[in-house]
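To start, the structure itself, in structure tokens.
Keep in mind it's a predicted model, so treat the numbers as computed, not measured.
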Amino acid sequence: MTSENHQSGDFASDGVPHHRPLLDGTDLALCGTARGDGGFLPAVLSRLLDPDPAVQMRAISELEPVCHQNSFYEATLPVALYVAAILAHPATSTVGPDRRTDPERGYPVRAALLDWLGSLAYDADDECLAIGERHFNGEYLADYPEMRAFRDHRPAFYRAVSPFLNDEDTAVRHAAIVATLPLIEHPDLTCHQDELGHSAQRLLTDSTSRYNRSRCLDALKNWGFDTTALENADDTAARERYARLKAERESGWAADGTGGHFEDPPF
């Protein structure tokens with residue numbers, strides 16, 4: 001993970017620094033990624049605020065080396081903090097091509113950034129930690145400081161994401177809800193569970209996104225909410241498919257020794 005030798009930015013866990021001093025105060029070239037050092041990252045992060053939304057969307061995809069194969073690297077935390085810090089920047093209110101499904105369809109850049117942060121949060125959630133602990137005899141976080149650092153900063157990420165839980169844009173609002181679900185597993189944030197649970201219930205009344213629905217249904221069930229009236233036949237079938245795939249992947253988890261884990265649900 002990052003160390004004092006790598007950056008001078010203040011990575012306080014109770015808040016996210018402003019994006020400019022965060023970027024200027026971090027020597028990303030000394031932070032590892034899946035493709036070597038992070039010397040390429042300052043240019044990529046700057047393009048996240050480019051006036052052209054197509055450039056912004058490409059820049060988000062170029063962040064893949066800091067979360068390759070669902071893993072955490074030295075550069076992951078500072079990059080994630082930068083992304084969190086620019087969520088409210090006016091430049092992220094643009095709408096770019098939907099790179100996930102239909103390139104001709106518009107998708108808010110802010111929602112795409114929230115999706116990216118949410119994906120990281122799920123890669124460091126309590127379920128992934130439990131799997132890692134089983135495979136590494138309870139010493140998983142001790143040997144994985146990059147994940148531990150991200151988990152320690154969940155309150156900071158929550159403070160950056162939560163202002164968008166009631167955003168007027170549906171895509172942004174839904175992305176914020178889904179991204180926040182794993183963040184509030186932090187002991188300091190569990191007090192938000194009921195409030196977020198109601199937000200997840202509202203999402204389920206008007207969202208057709210398989211991914212968003214599955215994340216919300218899983219969280220609500222784990223928290224003791226009754227989801228009977230919210231779950232449809234497609235939800236049930238998708239959960240059963242994922243359970244089978246998860247069992248298969250978990251049985252061969254970390255066979256290559258990289259420390260990664262099974263992929264997100266195939267929705």
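Residues His186 and Tyr158 fail the side-chain proximity criterion, which asks for heavy atoms closer than 4.5 Å. The side-chain heavy atoms of Leu23 and Leu28, taken from C-beta on, include a pair separated by under 4.5 Å. Looking only at side-chain heavy atoms (C-beta outward), His174 and Asn212 come within less than 4.5 Å of each other. Side-chain contact between Trp116 and Val79 is present, with heavy atoms from C-beta onward closer than 4.5 Å. Using a 4.5 Å heavy-atom threshold, the side chains of Ile177 and Leu165 count as touching. Side chains of Phe40 and Glu62 form no contact here, defined as non-hydrogen atoms less than 4.5 Å apart.
How far CZ of Arg47 is from CD1 of Ile60: 12.0 Å, rounded to the nearest 0.5 Å. Going from atom CG of Leu181 over to atom CG of Leu220 covers 7.5 Å, rounded to the nearest 0.5 Å. Taking OG1 of Thr180 as the start and CD of Glu185 as the end, the distance is 12.0 Å to the nearest 0.5 Å. The distance from the CG atom of Leu204 to the OG1 atom of Thr227 is 8.0 Å, given to the nearest 0.5 Å. The NE2 atom of His153 sits 13.0 Å away from atom CG of Leu183, with the distance rounded to the nearest 0.5 Å. Note that the CG atom of Leu117 and the CG atom of Leu81 stand 9.0 Å from one another [nearest 0.5 Å].
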**Test log, rule side-chain contact (heavy atoms from CB on, under 4.5 Å), inputs Asn232 and Arg213** = CA-CA 10 Å; Asn232 58 40; Arg213 292 186 63 82; 3.6 Å; yes
**Request:** Check the pair Val178, Leu203 against side-chain contact (heavy atoms from CB on, under 4.5 Å), reporting the backbone distance first and the verdict last.
**Result:** CA-CA 9 Å; Val178 173; Leu203 180 152; 4.2 Å; yes
**Item:** side-chain contact (heavy atoms from CB on, under 4.5 Å) between Phe136 and Leu141, intermediate numbers included
**Value:** CA-CA 9 Å; Phe136 289 85; Leu141 285 185; over 6 Å; no
**Request:** List the steps and the verdict of side-chain contact (heavy atoms from CB on, under 4.5 Å) for Tyr140 and Met147.
**Result:** CA-CA 9 Å; Tyr140 188 54; Met147 178 188 276; 3.7 Å; yes
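Between the side chains of Tyr144 and Arg148, no donor N or O sits under 3.5 Å from an acceptor N or O. Of the N and O atoms on the side chains of Arg58 and Ser61, not one donor lies less than 3.5 Å from an acceptor on the other residue. Side-chain contact, Tyr211 with Asp115: no donor N or O sits under 3.5 Å from an acceptor N or O.
Side-chain atoms of Glu74 never come within 3.5 Å of backbone atoms of Gly38 as a donor-acceptor pair (strictly under, hydrogens ignored). A distance-only check finds no donor-acceptor pair linking the side chain of Arg173 to the backbone of Asn166 [under 3.5 Å]. Under the 3.5 Å distance criterion, the side-chain polar atoms of Arg154 are left unmatched by any main-chain donor or acceptor of Pro187.
Comment: Asp126 engages Arg151 in a salt bridge, judged by a side-chain N to carboxylate O separation of less than 4.0 angstrom. A salt bridge is defined here as a Lys NZ or Arg NE, NH1 or NH2 lying under 4.0 Å from an Asp or Glu carboxylate O, and Arg210 with Asp235 meets this definition.
Partners of Ser207 by side chain to side chain donor-acceptor pair (under 3.5 Å), not counting sequence neighbours: none found. Applying the salt bridge (Lys or Arg N to Asp or Glu O under 4.0 Å) test to Arg20 and every residue at least two apart in sequence or in another chain returns Asp24.
The ring-ring contact (aromatic ring centres under 6.0 Å, His included) analysis of residues 74-98, with sequence neighbours excluded, yields the pairs His19-Tyr82, His19-His89.
The aromatic rings of Phe150 and Phe157 lie parallel to each other, with less than 30° between the two planes, well short of the 60° mark.
Ala124 approaches Phe72 most closely through the heavy-atom pair CB-CZ, 3.5 Å.
Evaluated for a side chain to side chain donor-acceptor pair (under 3.5 Å) with His198, the options Arg202, Glu195, Gln201 yield exactly one hit, Gln201. With Leu87 as reference, Leu114 is the one residue of Thr92, Val172, Leu114 to meet the side chain to side chain contact (heavy atoms under 4.5 Å, CB included) rule.
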